[in-house]
Colleague: 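The structure that follows is given in the form of structure tokens.
Throughout, numbering of the chain's residues begins at 1 and tracks the sequence. Hydrogens, waters and symmetry mates play no part in the numbers below; they use all other heavy atoms, side chains included.
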Amino acid sequence: MKRILRAVTAVAAFLLLGWYALPQVYTALHLPDRVFSEPAVSAPMLSMRQSDAAPVRGSDDERLHRAASGSASVSLFGVLPLKTVSVSAHTKTVMLGGEAVGVVLKTEGVQIVGFERVETAWGSVSPAVSAGLREGDMICALNGQAVSDSDSFAALCAKSDGTCVLSCLRDGEPFTASVDLAIDRNGEKRIGAWVRDSTSGIGTLSFYDPSSRVYAALGHGVTDVDTQKLIAPAKGFLTEAEILRIRKGDHETAGELVGHFSVNAKDAVATVDRNTELGISGTLGAFSDGQGRTVEIAPGDAAHRGEAYIVSTVDGETRAYAVQVIRVDVQSSPQTQGMMIEITDPALLEKTGGIVQGMSGSPLLQDGRLIGVVTHVFLSHPTRGYCLYAEWMADALL
């Protein structure tokens, strides 16, 4: 009997040691009590950073099962439970914005914003349209000579012998167009198109990474006022802005922050390197830390209806104003209209009447975290507007 007992004990000890020697069991039992999920990963496995936790392989043998309580159970073969850990999403901390800035975008070449017919001695013609050019096309060179702005383009047209080859971009794709210039009744050579080489306006800095000093602003792209197409900046920059007065919005007309800012590149406080549907970004240079406050970016699913605050500069002072989040949309992809807010702060309502142009990019805080960025105002109801989830904006621009 004793021999049998000793044999059974030895076998049990061997099996137990073998059990713990399994890589799956060893990995699971050595997980920390808390692991971090990566929100950007769409696969069912939780991806954990090595600095925070041991890696878990993406096989069918060991799986992390999400639990509604914020915990996760680790099981072997999907059946035998091994350990329970708490699961938290990684968060990003940024420096809070809210300051008004001047936004200056200079295009690569000139952009076609409209067409006109040229009255010649032989009738009315439209050379640009006949050559297949469209609104939004970028003209970068004429007969091989670079076009830097609208003045240089006019000068190159004047020097042309009548037919010119334009090097252009359409939606980022290069193409060439041959245009027969028309001579108007004053003897000037004309292409029959309106062009623009820059645009500028006032917006709001949303937030920036304190280490890289890469910022995000506006919450929507800068588009040409005529073509409504995104402008591709070649020499974009930000300058400091001073708000001089406020034009309140009324029915079907958006209000506006009216201010002063330099359009000279020597006064730039930041570059504008990207112009996207979700806002603009670049690197801050000679720009003060403003609020000097770091905040955590909340995941989109943390937003809820109720009290919140926006941070804006509407009268020379950057400060917080009370709002109500009145609608929260569930989104599976980035959109500029994720939440709806209503301005409730009496001081802001007295100053602006609600949301006005220039406030785009104002950060939205809820429960002490950065949850969104103001993007749009309802023309028929200026106290209400849309916000973009800050998480989407940070993922795209920082």
Side-chain angles (χ1 to χ4, degrees), residues 101-118 126-129 131-160 164-179 181-182 184 186 188-203 217-218 220-241 259-277 279-283 285 357-358 360:
V101 291
V103 181
V104 182
L105 296 186
K106 295 185 179 296
T107 61
E108 182 181 355
V110 295
Q111 184 176 39
I112 296 177
V113 297
F115 299 101
E116 64 173 346
R117 299 193 68 80
V118 181
S126 182
V129 172
L133 294 172
R134 303 177 189 171
E135 288 186 353
D137 287 348
M138 303 294 301
I139 302 175
C140 302
L142 188 153
N143 291 338
Q145 292 185 272
V147 174
S148 58
D149 53 33
S150 55
D151 289 338
S152 72
F153 179 64
L156 289 172
C157 285
K159 291 192 301 182
S160 175
C164 58
V165 177
L166 303 180
S167 300
C168 307
L169 292 173
R170 178 177 296 161
D171 297 327
E173 296 296 324
F175 71 98
T176 59
S178 181
V179 182
L181 298 179
D184 66 17
N186 296 320
E188 295 183 0
K189 295 175 182 177
R190 305 276 295 279
I191 190 177
W194 296 101
V195 298
R196 181 177 291 128
D197 58 23
S198 65
T199 189
S200 61
I202 289 179
L218 298 187
H220 58 70
V222 179
T223 58
D224 182 85
V225 67
D226 296 303
T227 66
Q228 296 304 306
K229 291 182 176 291
L230 281 175
I231 294 174
K235 298 178 182 178
F237 55 88
L238 302 184
T239 59
E240 294 183 347
H260 169 77
F261 61 94
S262 173
V263 295
N264 196 319
K266 70 179 180 61
D267 297 317
V269 296
T271 62
V272 177
D273 301 323
R274 299 177 62 196
N275 178 26
T276 75
E277 296 287 352
I280 61 174
S281 69
T283 304
Q357 295 181 79
S360 292

Colleague: Ala141: which residues meet the side-chain contact (heavy atoms from CB on, under 4.5 Å) condition with it, sequence neighbours left out?
Modeller: Ser167

Colleague: Below 4.5 Å, heavy atoms only, C-beta onward: do Ile139 and Ile112 meet side chain to side chain?
Modeller: yes

Colleague: Mind checking the CD1-CZ spacing from Ile280 to Arg274? Nearest 0.5 Å is all I need.
Modeller: 11.5 Å

Colleague: Applying side-chain contact (heavy atoms from CB on, under 4.5 Å), name anything that partners Ala128, two or more places apart in sequence or on another chain.
Modeller: Phe115, Leu133, Ile191, Ala193

Colleague: Got a sec, which residues hit side chain to side chain donor-acceptor pair (under 3.5 Å) with Ser281, two or more places apart in sequence or on another chain?
Modeller: none

Colleague: What distance do Asp137 atom CG and Asp171 atom CG have between them, rounded to the nearest 0.5 Å?
Modeller: 8.0 Å

Colleague: If you take all heavy atoms of Ala131 and Ala177, which pair is closest and at what distance?
Modeller: O-CB, 4.2 Å

Colleague: With Ser198, which residues qualify under side-chain contact (heavy atoms from CB on, under 4.5 Å), at least two apart?
Modeller: Lys106

Colleague: Count the heavy atoms belonging to other residues, nucleotides or ligands that lie under 6.0 Å from CZ of Arg134, then report whether that count exceeds 12.
Modeller: no

Colleague: How many angstroms lie between atom CZ of Phe175 and atom CG of Leu169, to the nearest 0.5 angstrom?
Modeller: 8.0 Å

Colleague: How long is the straight-line distance from CD1 of Ile202 back to NE2 of His260, given to the nearest 0.5 Å?
Modeller: 9.5 Å

Colleague: Examine distances only and state if a side-chain atom of Ser152 and a backbone atom of Val147 form a donor-acceptor pair shorter than 3.5 Å.
Modeller: no

Colleague: Would you say that Val179 contacts Cys164 through its side chain, given a criterion of any heavy-atom pair below 4.5 Å between the two side chains?
Modeller: yes

Colleague: Identify, with sequence neighbours excluded, every residue that meets side chain to side chain donor-acceptor pair (under 3.5 Å) alongside Arg190.
Modeller: Glu116, Asp184

Colleague: Determine, step by step, whether Leu238 and Val272 satisfy the side chain to side chain contact (heavy atoms under 4.5 Å, CB included) criterion, reporting the C-alpha distance in whole Å, the side-chain angles of both residues, the deciding distance to 0.1 Å, and the verdict.
Modeller: CA-CA 7 Å; Leu238 302 184; Val272 177; 3.9 Å; yes

Colleague: Are any of the side-chain heavy atoms of Leu156 and Asn143 separated by less than 4.5 Å?
Modeller: no

Colleague: Would you give the length of the straight line joining atom CG of Leu166 to atom CE of Met138, rounded to the nearest 0.5 angstrom?
Modeller: 12.5 Å

Colleague: Can you see which heavy atom on Gly203 is nearest to which on Leu218, and at what distance?
Modeller: CA-CD2, 3.6 Å

Colleague: If every non-hydrogen atom of Gly114 is compared with every non-hydrogen atom of Glu135, which pair is closest and at what distance?
Modeller: CA-OE2, 3.7 Å

Colleague: Can you check whether Val263 reaches Thr239 side chain to side chain, under 4.5 Å on heavy atoms?
Modeller: no

Colleague: Donor-acceptor pair, Asn275 side chain versus Ile231 backbone, under 3.5 Å?
Modeller: yes

Colleague: Between Cys157 and Leu181, which heavy-atom pair has the shortest distance, and what is it?
Modeller: O-CD1, 3.5 Å

Colleague: Considering all heavy atoms of both residues, which atom of Phe261 and which atom of Glu240 are nearest to each other, and what is their separation?
Modeller: CB-O, 3.5 Å

Colleague: Going by the side-chain hydrogen bond (donor to acceptor under 3.5 Å, both in side chains) test, which pairs reach into residues 261-272, not counting sequence neighbours?
Modeller: Ser262-Asp267, Thr271-Asp273

Colleague: Side-chain contact test, heavy atoms from C-beta onward, threshold under 4.5 Å: evaluate it for Val113 versus Val195 and give yes or no.
Modeller: no

